[in-house]
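A short worksheet on the structure shown next.
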Amino acid sequence: MLDINTIEKLDRIATPFYYYDMELLRKTVDFVADLAERHNIKVHYAVKANVERRILEYISSKGFGADCVSGNEVLHAHSCGFPAEKIVYAGVGKTDKEIYNGLKLGIEAFNCESLQEIYVINEMARVYGLKANVSVRINPDIDAHTHKYVTTGLYENKFGISQHEFDKLIDIIKKSEHINFYGLHFHIGSQITRVSEVFALECCRVNDIVAYFERNGLKVDNINLGGGLGVDYDDPDENPIADFETWFETINANIVRREDQNVHIEPGRSLVAQCATLISRVLFVKSGETKNFLIMDAGMNDLIRPALYGAYHKIENLSAAQRTFFPTHQAYDIVGPVCESSDVWGAGRLLPLSVRGDLMAIRSTGAYGQVMASRYNMKDLAPSVFSDTLDEAPQVVDYFA
Ligand SMILES: Cc1ncc(COP(=O)(O)O)c(C=O)c1O
């Protein structure tokens with residue numbers, strides 16, 4: 001829960017907005033930078049989780065690379081301080097224009113997801129007289145034990161190249177004169193909470209695949225294990241920083257690597273999820289036939305995760321926490337204003353008695369929140385407010401005054 005001073009300041013700002021705790025962001029990033037150095041693992045931040053300029057600028061200043069999944073992400077990451085030679089670019093559907101821009105920029109590597117993509121990149125590099133670094137994203141067919149919408153490493157998923165094409169793949173790479181084979185890339189899913197079990201399994205599978213490529217004449221200089229570390233959505237105050245130690249230790253204990261082989265990871269969610277809170281206000285309290293509704297001014301247009309994959313976010317009434325009497329608690333269905341029945345923040349949530357105007361916190365919203373916001377129902381986009389520049393935010397207008 002936020003402290004009283006901060007809540008008082010937030011209460012003067014027009015809602016809804018994303019509040020970024022920059023101190024927690026720095027703490028998290030610094031902690032990971034330290035672990036990465038100790039374990040000799042290269043970190044590329046998965047930009048898709050959050051593209052806020054200030055966040056990217058801080059992460060790039062710590063020497064991290066960027067993992068991008070679109071041409072615009074590549075350009076944005078570069079403009080936020082990530083050098084081209086530390087930008088990798090994955091994604092199953094890269095357009096010619098996006099490939100061209102990546103080639104011209106001289107990015108670290110394209111993480112290719114199909115044989116045809118390798119062929120196209122080789123041809124474009126030939127036409128422009130360039131040589132492209134190409135890693136190959138492999139689908140290792142591993143169950144990440146997470147939500148089916150964020151599982152990416154099973155054969156039923158569209159990502160990566162599967163085992164049945166390995167021999168063809170090796171052949172194409174050897175014949176493609178305008179690419180350098182950079183290494184192998186994996187990413188099996190997101191919000192992985194069975195950390196040691198799942199990542200150990202990933203490493204074992206990766207060891208076999210790397211050995212297969214090397215036996216067949218391709219030296220694998222870079223092994224990229226992707227992202228996926230989960231965060232604690234239930235109790236963000238107890239665990240504000242994800243279990244990076246276990247992740248790094250599991251990798252180091254299980255990956256087989258030569259001294260001249262680089263190991264990379266691509267955390268997205270785990271670096272940024274806990275540093276943001278979506279701040280909203282209760283517009284109306286309504287008694288339904290069988291339940292009570294709290295109608296908030298933030299909706300699925302601001303944060304789609306609950307509507308999209310039934311994601312859980314902890315919700316707190318910040319104003320009630322400041323009231324001096326001890327309020328009774330009540331179960332509410334907390335909903336947004338959007339004209340969709342799926343615009344629900346949480347059903348049957350127990351909260352202190354809440355009233356119109358109460359300031360509400362939707363926790364752990366720094367990853368896959370603002371980046372997925374839309375203007376559905378022609379709503380305005382919720383802006384960013386930063387803890388270190390709180391006083392500069394647009395203030396509430398009192399329309400009754
Ligand atoms: C290729 C790739 N790497 C890394 C990530 C980051 O995953 P996470 O946010 O779970 O760490 C993603 C996200 O889906 C991804 O697609």
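Atoms within a ligand are numbered from 1 in the order they appear, just like the ligands themselves.
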Provide the number and element of each atom of ligand 1 under 4.0 Å from a heavy atom of Y368.
6 (C), 7 (O), 8 (P), 9 (O), 13 (C)
Give the atom numbers and elements of ligand 1 that come within less than 4.0 Å of a heavy atom of S190.
8 (P), 9 (O), 10 (O)
Applying salt bridge (charged side-chain N to carboxylate O under 4.0 Å, His left out), run through E214 and R258 and close with a yes or a no.
CA-CA 12 Å; E214 297 216 321; R258 292 187 306 271; 2.6 Å; yes
N or O pair under 3.5 Å between D67 and ligand 1:
yes
Applying a 4.0 Å heavy-atom criterion (strictly less than), which segment of N111 is in contact with ligand 1: side chain, backbone, both, or neither?
neither
Which residue, L318, I13, D11, forms the side-chain contact (heavy atoms from CB on, under 4.5 Å) with I279?
L318
Heavy-atom donor-acceptor pair, N111 side chain to V136 backbone, under 3.5 Å:
no
Under a heavy-atom criterion of less than 4.0 Å, does P267 contact ligand 1?
yes
Side chain to side chain, H264 and V43, heavy atoms closer than 4.5 Å
no
Residue pair S374 / N301, side-chain donor-acceptor N/O under 3.5 Å:
no
Counting heavy atoms under 4.0 Å, the part of H187 that contacts ligand 1 is side chain
Do any nitrogen or oxygen atoms of A49 lie less than 3.5 angstrom from nitrogen or oxygen atoms of ligand 1?
no
Check this for me: does any side-chain nitrogen of one of D358 and R323 sit under 4.0 Å from a carboxylate oxygen of the other?
yes
Name all pairs fulfilling the salt bridge (Lys or Arg N to Asp or Glu O under 4.0 Å) condition that reach into residues 367-378, sequence neighbours left out, sorted by first residue then second.
R375-D380
Using a 4.0 Å cutoff against the non-hydrogen atoms of K48, which atoms of ligand 1 qualify?
12 (C), 13 (C), 14 (O), 16 (O)
Evaluate S270 for polar contact with ligand 1, using N/O atom pairs at a separation under 3.5 Å.
no
H44 and its side chain to side chain donor-acceptor pair (under 3.5 Å) partner, picked from E108, K86, E266
E108
As an exercise, identify every atom of ligand 1 less than 4.0 angstrom from a heavy atom of R137.
1 (C)
If we number the atoms of ligand 1 from 1 as shown, the ones under 4.0 Å from a heavy atom of E266 are 1 (C), 2 (C), 3 (N), 4 (C), 5 (C), 6 (C), 11 (O)
Contacting atoms of ligand 1, where contact means under 4.0 angstrom from a heavy atom of R269
8 (P), 9 (O), 11 (O)
Between the side chains of Y89 and E98, does any donor sit under 3.5 Å from an acceptor?
yes
Contact between H44 and ligand 1, counting heavy atoms under 4.0 Å?
no
Within ligand 1, which atoms have a heavy atom of A46 less than 4.0 Å away?
4 (C), 5 (C), 6 (C)
Under a heavy-atom criterion of less than 4.0 Å, does G228 contact ligand 1?
yes
Kindly list each side-chain donor-acceptor pair under 3.5 angstrom involving residues 46-56, sequence neighbours excluded, with atom names and distances?
unit_1	atom_1	unit_2	atom_2	d
N50	OD1	E52	N	2.8
N50	ND2	Y20	OH	3.0
N50	ND2	G366	O	2.9
E52	OE1	S384	OG	2.6
R53	NH1	S79	O	3.2
R53	NH2	S79	OG	2.9
R54	NH1	D388	OD1	2.9
R54	NH2	D388	OD2	2.8

If the cut-off is 4.0 Å to any non-hydrogen atom of G227, which atoms of ligand 1 fall inside it?
4 (C), 11 (O)
